[in-house]
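Here the structure comes first, spelled out in structure tokens, and everything after it is commentary.
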Amino acid sequence: MGTGYTTVMYDAEDVETALTDIVACRYDGVEIGIEKIRSIGFDTLSAWLTEYDLDLYLAMSEWIESEDAVDRMVEEMPAIAGLDAEFVGLLPPQRGRYEAATVENWLGRLTDAALDAGVQPLVHHHGATAVEQPEEIRHYLDAVDGLELVFDTAHYYPYGENFPDGDVTDGIERFADDIAYVHLKDVEPVKDFAANRDALTAGDFHLDNVINYFRSFTDLGDGILDLEGAYEAFQKAGYDGHFTIEIENQTDRPLLHAKENYDHWSSVTDA
């Protein structure tokens, strides 16, 4: 079990800086999106991971929005496995664009390609996508053999049984046997957060709904999520995998955010 950090806040040309920041903050591993990996080059990234002694916990897919996107990811699975990635994350298509059968087919093809290459595929439940509600998470996990789950604390919060309280333990308990990897971020909901959530669920992607939903995600300890309770639930469930902190909105002073979030999570796990 390790603590990782994503490169979401860094541009592709700054990924080596991201790796040095992550090492400086004492993280064990890193998560990188496939678009950044393509830009850097697989060989270059492999050399950097070796140089900085970081494990690639997960390579996150592009948004699976077309047959072409599926084909690109299928073709690259051996190269992702060649980076010694433990997992490949699969980002579902936008909500309402495709029938469930199409989403199942795409996730199935990607899952088969990943397993054939020797890397474990994980679906990332995500607001405003085809895999948003707990029932949808359950549906696709059951429909696709070999597929497991990235559990994201912030993306589960709006749809959990305890909303609007910051308790996501019902999701941890419900999907305990499926969770292979965890994203950590906090939520500081805006006034109309529930309305924005409902609008996105209904397929209303007005800019205000998108911005207010996603800008509610924040640094650990700056929101309302009960991270201590979540960690206790993971322990009770027997989860022994990685926890990767994914901070998306704090684009200034990324090193400071990396360090403060590491320190906050350490205070939770050491309590």
Side-chain angles (χ1 to χ4, degrees), residues 1-12 14-62 76-91 114 117-124 148-155 172 178-186 219-220 227 230-231 234-235 238-248 250 254-270:
M1 180 176 69
T3 304
Y5 202 71
T6 71
T7 61
V8 170
M9 291 198 300
Y10 298 82
D11 294 331
D14 298 322
V15 166
E16 187 174 17
T17 298
L19 299 182
T20 63
D21 288 353
I22 289 166
V23 168
C25 294
R26 298 184 295 162
Y27 289 95
D28 306 300
V30 62
E31 174 183 322
I32 307 178
I34 192 64
E35 289 94 343
K36 289 187 173 75
I37 297 174
R38 290 169 182 158
S39 179
I40 298 162
F42 284 85
D43 291 341
T44 297
L45 179 59
S46 180
W48 286 349
L49 291 169
T50 299
E51 178 180 354
Y52 297 112
D53 193 26
L54 277 172
D55 293 328
L56 180 58
Y57 284 170
L58 181 144
M60 188 62 75
S61 76
E62 62 184 287
E76 289 173 328
M77 288 301 180
I80 292 170
L83 293 170
D84 293 326
E86 294 183 54
F87 304 107
V88 59
L90 306 179
L91 289 169
V119 59
Q120 175 62 49
L122 310 177
V123 65
H124 185 347
E148 296 182 335
L149 181 64
V150 176
F151 184 86
D152 188 300
T153 54
H155 279 290
I172 297 167
D178 306 287
I179 298 170
Y181 185 77
V182 174
H183 273 175
L184 296 169
K185 50 184 174 281
D186 213 333
D219 295 281
L220 305 186
L227 296 171
Y231 181 61
F234 281 118
Q235 289 185 302
Y239 177 75
D240 60 359
H242 303 309
F243 292 95
T244 290
I245 297 168
E246 184 190 38
I247 304 303
E248 302 177 65
Q250 310 296 341
L255 174 58
L256 177 63
H257 285 282
K259 180 64 166 61
E260 289 180 342
N261 280 281
Y262 181 92
D263 289 346
H264 186 87
W265 184 241
S266 295
S267 73
V268 170
T269 60
D270 292 342

Can you confirm whether more than 12 heavy atoms, excluding those of Asp14, are under 6.0 Å from its CG atom?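 Yes, because the 6.0 Å sphere around CG of Asp14 holds more than 12 heavy atoms from other groups.
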
Is any side-chain heavy atom of [X] closer than 4.5 Å to a side-chain heavy atom of [Y]?
| X | Y | result |
| --- | --- | --- |
| Ile22 | Tyr52 | no |
| Phe243 | Thr269 | no |
| Thr244 | Leu184 | no |
| Glu246 | Asp152 | yes |
| Leu122 | Leu58 | yes |
| Asn261 | Tyr27 | yes |
| Val30 | Leu49 | yes |
| Val268 | Leu220 | no |

Atom [atom1] of [X] and atom [atom2] of [Y]: how far apart are they, to the nearest 0.5 Å?
| X | Y | atom1 | atom2 | result |
| --- | --- | --- | --- | --- |
| Arg26 | Lys259 | CZ | NZ | 6.0 Å |
| Asp84 | Leu56 | CG | CG | 8.5 Å |
| Asp55 | Asp28 | CG | CG | 7.5 Å |
| Lys36 | Leu45 | NZ | CG | 12.0 Å |
| His257 | Met9 | NE2 | CE | 6.0 Å |
| Glu62 | Ile37 | CD | CD1 | 11.5 Å |

So Leu227 and His264, side chain to side chain contact (heavy atoms under 4.5 Å, CB included) or not? Walk me through it. CA-CA 10 Å; Leu227 296 171; His264 186 87; 4.1 Å; yes

Kindly give the heavy-atom pair with the smallest separation between [X] and [Y], and that separation in Å.
| X | Y | value |
| --- | --- | --- |
| Val88 | Ala114 | CG1-CB, 3.8 Å |
| Tyr10 | Leu255 | OH-N, 3.9 Å |
| Leu90 | Met77 | CD2-CE, 4.5 Å |
| Ala81 | Ala117 | CB-O, 3.3 Å |
| Tyr57 | Thr3 | OH-N, 3.7 Å |

Using side chain to side chain contact (heavy atoms under 4.5 Å, CB included), reason through Ile34 and Glu76 one step at a time and then give a plain yes or no. CA-CA 9 Å; Ile34 192 64; Glu76 289 173 328; 3.6 Å; yes

Show, in sequence, the C-alpha distance, side-chain angles and deciding distance for Asp53 and Val23, and conclude whether the side chain to side chain contact (heavy atoms under 4.5 Å, CB included) test is met. CA-CA 8 Å; Asp53 193 26; Val23 168; over 6 Å; no

So, the side chain of Ser46 versus the backbone of Phe42: is there a donor-acceptor pair under 3.5 Å, distance only?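 No, the answer is negative, given that no donor and acceptor are paired below the 3.5 Å cut-off.
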
Under the criterion ring pair (Phe, Tyr, Trp, His ring centres under 6.0 Å), I'd like the reasoning laid out for Phe151 against Tyr239: C-alpha separation, chi angles, the key distance, then a yes or no. CA-CA 11 Å; Phe151 184 86; Tyr239 177 75; 9.4 Å; no

Full working for side chain to side chain donor-acceptor pair (under 3.5 Å) between Asp21 and Tyr5: CA-CA 10 Å; Asp21 288 353; Tyr5 202 71; over 6 Å; no

Is there a side chain to side chain contact (heavy atoms under 4.5 Å, CB included) between Ile32 and Thr6? Walk through the geometry before answering. CA-CA 6 Å; Ile32 307 178; Thr6 71; over 6 Å; no

His155 vs His183, ring pair (Phe, Tyr, Trp, His ring centres under 6.0 Å): CA-CA, chis, key distance, verdict: CA-CA 9 Å; His155 279 290; His183 273 175; 8.4 Å; no

Determine whether Glu31 and Tyr181 satisfy the following criterion, side chain to side chain donor-acceptor pair (under 3.5 Å), listing intermediate values before the conclusion. CA-CA 11 Å; Glu31 174 183 322; Tyr181 185 77; 2.8 Å; yes

